[in-house]
Amino acid sequence: MDEREVREQKLQELRANGTEPYPPRLSTPRTHTIAEALAAFDALAPDKTPITLVGRIVLWRDKKVIFANIEDGSGRIQLYLRPDDLGEQFDLVKKLDRGDFIEVTGFLFVTKMGERTLHVTHVGILSKSLRGLPEKHAGLQDTELRYRKRYLDLVANREEELPLFVARARTISALRRYLDDHGYLEVETPILQPIFGGATAKPFVTHHNALDRDFFLRIAPELYLKRLLVGGIERVYEVARNFRNEGIDRSHNPEFTMLEFYEAYADYNVMMTRVEEMTVAAAQAVLGKLSFTWGEHEIDLSPPWRRVTLHDAITEYTGIDYDQYPDRESLMAIMRERGIKFDARRAWGRLIDELKDEMFRSADPALLQPLILYDYPLDLSPLAKKKPGAPGTVERFQVHLAGMQLATAFSELNDPQDQRARFEDQLVQREGGDDEAQVLDDDYVEALEVGMPPAGGIGIGIDRLVMAFTGHDHIREVILFPTLRTMD
RNA sequence: GCGCUUGUAGCUCAGUGGUAGAGCAUGCGACUUUUAAUCGCAGGGUCGCGGGUUCGAGCCCCGCCGGGCGCACCA
């Protein structure tokens with residue numbers, strides 16, 4: 001008989017003895033969480049005050065008397081169960097296994113070995129576990145199992161996993177708090193979109209049966225949020241799950257969370273300050289300080305962050321001044337000369353992007369610190385406003401942190417004629433074979449024709465921010481259920 | 001998508017072409033203050049799946065499926 005069959009038999013025996021293994025509620029109210037009980041130990045132990053705790057059995061040491069450990073959401077405590085004290089109830093105790101949820105009433109004391117322990121006088125089962133928990137010391141190591149069965153990972157590797165996902169939740173709530181406190185309105189916009197836009201990416205396609213038409217899962221909420229600027233909502237944000245039909249690697253999951261927000265009458269300079277302030281607020285809330293370790297390095301979030309133009313940064317770190325190579329051919333020539341690999345089909349602006357990647361490949365630790373790179377080539381940024389007096393340049397910046405691209409932002413393009421021209425230029429690129437070029441959204445242009453105030457906007461990669469805060473270098477570590485291939 | 005690598009008991013892992021192993025977990029027994037409890041005994045395997053080579057395959061070869069790493073793509 002294997003473990004599961006043994007447990008099922010115990011379950012049947014419990015029922016046969018009139019004990020419901022999945023009762024609807026506790027038989028007596030829980031008086032403390034485990035953490036509360038331990039905190040109040042000195043007050044509770046001397047008088048043997050009866051308390052009731054609940055939790056899952058995580059260790060079981062049967063030594064004629066039984067020592068067990070249970071865990072609830074707050075912590076872990078040892079139980080002491082004696083046949084003499086429990087009488088008939090010991091029949092139930094013998095049906096318990098590691099993994100079961102139980103309620104226990106008793107009093108606190110300190111064992112000979114110095115451990116604070118609950119001396120159990122009553123025990124009841126709350127939920128019978130039919131499958132054993134993962135190995136008790138090595139835990140659950142197999143990465144595939146950890147992601148496919150995250151509940152086992154959370155049980156077996158609780159000390160690492162629970163704080164991690166708490167940090168993720170606190171990061172998002174701190175960012176929300178910042179925006180709420182600064183007059184922003186949180187909204188929800190369509191995930192099913194008839195036209196995708198707001199980013200350079202390939203979409204997922206799905207189908208609506210009743211309407212008999214295809215929809216795209218959004219690659220970004222951007223165009224809808226800016227329609228709300230047109231509608232007169234001056235400050236607006238969305239915590240948006242986005243979907244991009246592209247490869248999976250340490251910084252990319254097909255679905256990911258992006259915080260986008262837009263502010264009327266602001267520009268990209270304002271957004272630089274916003275992202276700084278809110279990241280600092282989140283770090284304070286999550287880490288309690290403005291620094292964290294990343295591999296061998298210490299990263300300091302104290303503002304102001306270094307701000308440098310993309311042009312100057314690339315010149316500094318790669319030695320290539322791209323103003324000297326204003327066309328594809330000459331730029332490709334110098335890149336080839338320096339041994340920088342690139343895709344020869346790329347437009348000039350995309351080659352600049354390759355140079356930027358090359359810059360981050362240089363592994364200069366200075367580039368791990370928060371860095372704002374601003375002023376981008378026009379042809380990479382069809383939704384950003386042109387920078388006055390700087391032809392071919394738009395008011396756009398990206399935030400880099402811990403070597404990752406964390407955010408991208410710009411002074412939003414609100415000139416409907418320019419926007420239409422940019423979309424049409426994207427269409428040319430699309431017809432030229434670039435299946436990631438953006439598509440023309442007529443309804444969006446129409447909205448701009450109604451009139452959108454000048455505005456700054458930004459998208460912040462939440463998963464990556466959490467990676468930085470928690471020191472993880474793989475995005476799937478900070479997503480509870482990362483995308484995996486399905487098993488046949 | 002491409003390359004490399006990996007898949008053995010519920011979990012963590014050994015395994016040299018010749019009878020499939022260990023620890024934990026499970027079952028039985030001993031032990032009435034243990035600490036990853038300990039001790040004894042026992043059960044537990046489609047060696048990812050399918051084909052091939054061989055007298056003989058967990059091991060060698062081919063294909064498929066899943067995972068990991070790298071590249072490509074991207075945020």
Side-chain angles (χ1 to χ4, degrees), chain A residues 1-7 9-10 58-69 76-86 90 94 97-99 109-117 119 129-149 152-153 155-157 198-203 219-220 240 242-260 341-343 345-346 350 353-354 357 398-401 404-408 434-436 459-465 467 473-476 482 484-488:
Chain A
M1 217 164 42
D2 67 20
E3 181 170 7
R4 190 184 156 135
E5 290 168 326
V6 169
R7 287 175 179 231
Q9 189 175 72
K10 287 177 178 171
V58 293
L59 276 177
W60 190 258
R61 297 187 288 282
D62 189 338
K63 189 194 174 300
K64 212 66 175 178
V65 297
I66 293 169
F67 287 91
N69 293 67
R76 175 190 285 217
I77 193 169
Q78 176 167 271
L79 307 180
Y80 176 49
L81 303 104
R82 293 168 52 100
D84 305 352
D85 304 325
L86 291 165
F90 213 70
K94 283 186 278 188
D97 290 295
R98 192 162 167 261
F109 76 109
V110 179
T111 65
K112 224 185 261 181
M113 303 301 287
E115 174 127 0
R116 293 178 298 174
T117 300
H119 188 133
S129 166
L130 296 181
R131 293 175 186 266
L133 262 30
E135 214 267 355
K136 66 187 181 188
H137 7 278
L140 191 67
Q141 301 294 323
D142 186 86
T143 52
E144 182 176 358
L145 270 182
R146 285 185 49 234
Y147 303 135
R148 283 194 199 282
K149 301 191 185 300
L152 291 179
D153 186 36
V155 172
N157 303 314
T200 302
K202 279 173 276 197
I219 57 175
N242 292 341
F243 306 85
R244 298 191 185 174
N245 205 341
E246 278 146 8
I248 297 173
D249 66 22
R250 64 178 54 235
S251 59
H252 299 265
N253 196 63
E255 55 181 300
F256 66 104
T257 302
M258 173 160 282
L259 171 64
E260 283 202 8
K341 55 183 178 168
F342 58 88
D343 183 339
R345 295 168 305 183
R346 292 306 180 78
R350 298 275 257 181
D353 224 32
E354 305 256 12
D357 292 342
Q398 291 189 338
V399 180
H400 289 264
L401 180 64
M404 296 180 284
Q405 188 192 315
L406 183 70
T408 189
D434 184 353
D435 59 355
E436 289 175 0
I460 301 176
I462 297 301
D463 312 275
R464 292 177 179 180
L465 184 59
M467 287 166 68
D473 68 352
H474 210 302
I475 195 169
R476 64 173 181 228
L484 294 179
R485 224 177 279 263
T486 51
M487 305 276 278
D488 283 340

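Each chain gets a letter, A, B and so on, in the order its sequence line appears, and its residues count up from 1. Heavy atoms only: backbone and side chains are in, while hydrogens, waters and symmetry mates are out. Nothing here was measured: the structure is a model prediction, and the numbers come from that model.
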- NA contact type, A:Asn245, heavy-atom cut-off 4.0 Å: base, sugar-phosphate, or nothing? nothing
The nucleotide from B:U33, B:G68, B:A37 with an atom nearest the side chain of A:Val65 is B:U33
Side-chain heavy atoms of A:His474 within contact of A:Thr143, under 4.5 Å
no
Going through the checks in order, is the salt bridge (Lys or Arg N to Asp or Glu O under 4.0 Å) test met by A:Arg7 and A:Glu3?
-> CA-CA 6 Å; A:Arg7 287 175 179 231; A:Glu3 181 170 7; 3.1 Å; yes
note: A:Glu246, atom CD; B:A72, atom P; distance rounded to Å ~ 15 Å
Residue pair A:Trp60/A:Lys64 against RNA chain B: nearer the 5' end by closest nucleotide is A:Lys64
Notebook entry, point to check: Do the rings of A:His119 and A:Tyr80 sit parallel, tilted or perpendicular, given the 30° and 60° boundaries?
Noted result: perpendicular
**Prompt:** What is the nucleic acid contact for A:Thr143, judged by heavy atoms within less than 4.0 Å: base, sugar-phosphate only, or nothing?
**Reply:** sugar-phosphate
Nearest-Å distance once atom P is located in both B:G43 and B:C28 | 15 Å
| query | When all nucleic acid strands are considered with a 4.0 Å heavy-atom cut-off, which category describes A:Leu484: base, sugar-phosphate, or nothing? | reply | sugar-phosphate
Using the C1' atom in both, what is the distance from B:U34 to B:A9, to the nearest Å? 29 Å
In whole angstroms, the gap separating C1' of B:G7 from CZ of A:Arg485 amounts to 15 Å
Q. What is the nucleic acid contact for A:Asp85, judged by heavy atoms within less than 4.0 Å: base, sugar-phosphate only, or nothing?
A. nothing
Regarding the side chain of A:Arg148, the nearest nucleotide among B:U32, B:U34, B:G66 is B:G66
Next on the checklist: Ignoring hydrogens and geometry beyond distance, is the side chain of A:Thr117 in donor-acceptor contact with the base of B:U33 at under 3.5 Å?
Outcome noted: no
task: Mark yes or no for a side-chain to base donor-acceptor pair under 3.5 Å between A:Arg98 and B:A25, with no hydrogen or angle criteria applied.
output: no
Taken to the nearest whole Å, CD1/A:Ile219 to P/B:C73 is 18 Å
Judged by nearest nucleotide, the residue sitting upstream toward the 5' end of RNA chain B, A:Glu115 or A:Arg250, is A:Glu115
Next item on the list: Could you work out the separation of B:C60 and B:G17 based on their P atoms and round it to a whole Å?
Entry: 8 Å
Next on the checklist: Over all strands shown, is A:Arg4 touching base, sugar-phosphate only, or nothing at heavy-atom distances under 4.0 angstrom?
Outcome noted: nothing
Item checked: Phosphate contact (B:U33 OP1 or OP2) by A:Arg82 side-chain N/O below 4.0 Å -> no
Spell out yes or no: do the side chain of A:Asp84 and the base of B:U32 have one donor N/O and one acceptor N/O closer than 3.5 Å?
yes
Review point. Is there a donor N/O on one and an acceptor N/O on the other, under 3.5 Å, for the side chain of A:Asp249 and the base of B:C71?
Key: no
Q.
Please report the distance separating the P of B:A37 from the corresponding atom of B:U26, rounded so that it comes out in whole Å.
A. 11 Å
Quiz item: Heavy atoms under 4.0 Å, any strand shown: does A:His119 hit a base, just sugar-phosphate, or nothing?
Solution: nothing
Roughly how far apart, to the nearest Å, are B:G52 and B:C13 at atom P?
33 Å
Here the pair of heavy atoms bringing A:Glu260 nearest to A:Ala220 is OE2-CB, 3.8 Å
Could you tell me if the side chain of A:Arg146 sits less than 4.5 Å from the side chain of A:Arg476, heavy atoms only?
no
Between the NZ atom in A:Lys202 and the CG atom in A:Asn245, the distance rounded to the nearest 0.5 Å is 7.5 Å
side-chain contact (heavy atoms from CB on, under 4.5 Å) with A:Asn69: of A:Leu79, A:Ile77, A:Leu59, A:Thr117, only one passes, and it is A:Leu59
Exercise. Got A:Lys10 and A:Lys94 here, is their nearest side-chain heavy-atom distance under 4.5 Å?
Worked result: no
Using a cutoff of under 3.5 Å, can you pull out all pairs of nitrogen or oxygen atoms linking the protein to nucleotides 8-11 of chain B, with atom names and distances?
| residue | atom | partner | partner atom | Å |
| --- | --- | --- | --- | --- |
| B:C11 | O2' | A:Glu135 | N | 3.4 |
| B:C11 | O2' | A:Gly139 | O | 2.9 |

Salt bridge (charged side-chain N to carboxylate O under 4.0 Å, His left out) pairs touching residues 242-255 of chain A, sequence neighbours excluded, are A:Arg241-A:Glu255, A:Arg250-A:Asp473
Rounded to whole Å, the CG-P distance (A:Asp153 to B:U12) equals 11 Å
A:Asp357 CG to B:A75 P, in whole Å, measures 10 Å
What about A:Gln78, does its side chain sit under 3.5 Å from the base of B:U34 through a donor-acceptor pair?
yes
With the side chain defined as heavy atoms from C-beta on, A:Phe67 is closest, among B:C73, B:U34, B:U32, to B:U34
note: A:Arg116, atom CZ; B:U33, atom C1'; distance rounded to Å ~ 17 Å
- Query: Using the rule for Phe, Tyr, His and the six-membered ring of Trp, do A:Phe256 and B:A75 stack at under 5.5 Å and under 30°?
  - Reply: yes
Below the 4.0 Å mark, does B:A75 have OP1 or OP2 next to a side-chain nitrogen or oxygen of A:His400? no
| query | Contact class for A:Arg146 (heavy atom, under 4.0 Å): base, sugar-phosphate, or nothing? | reply | nothing
**Asked** Taking the P atom of each, how far is B:G7 from B:A75, in whole Å?
**Response** 36 Å
Is the phosphate of B:U34, meaning OP1 or OP2, less than 4.0 Å from a side-chain N or O of A:Arg61?
no
Closest to the side chain of A:Lys136, out of B:C31, B:A25, B:C69, is B:A25
The correct list of stems in which RNA chain B takes part (3 or more consecutive Watson-Crick or G-U pairs, distances under 3.5 Å) is B:1-7 with B:65-71, B:10-13 with B:21-24, B:26-30 with B:38-42, B:48-52 with B:60-64
inquiry  = Under 4.0 Å, counting only non-hydrogen atoms across every strand here, what does A:Lys149 touch: a base, just sugar-phosphate, or nothing?
reply    = nothing
Closest of B:C24, B:C73, B:G66 to the A:Lys202 side chain is B:C73
From the candidates B:G68, B:A75, B:G27, the one with an atom nearest any side-chain atom of A:Thr200 is B:A75
Requested in this report: Scan A:Leu59 against the nucleic acid and name what it touches under 4.0 Å (heavy atoms): base, sugar-phosphate only, or nothing.
Outcome: sugar-phosphate
So CH2 of A:Trp60 and CG of A:Leu133: to nearest 0.5 Å the spacing works out to 13.5 Å
Discussion item. Using the P atom as the point on both nucleotides, what is the distance between B:C69 and B:C62, in whole Å?
Written reply: 24 Å
Value for CE (A:Met258) from CD1 (A:Ile462), rounded to nearest 0.5 Å, stands at 8.5 Å
Measuring only the P atom in each nucleotide, how far is B:G15 from B:U8? A whole number of Å is fine. 13 Å
Against the side chain of A:Thr111, the closest entry in B:G68, B:U34, B:A75 is B:U34
inquiry  = Check this for me: does any side-chain nitrogen of one of A:Asp84 and A:Arg82 sit under 4.0 Å from a carboxylate oxygen of the other?
reply    = yes
Distance col, row A:Met113:CE vs A:Phe67:CZ, nearest 0.5 angstrom, shows 10.0 Å
Quiz item: Got a sec: does the CZ of A:Arg4 have more than 12 other heavy atoms crowding it under 6.0 Å?
Solution: yes
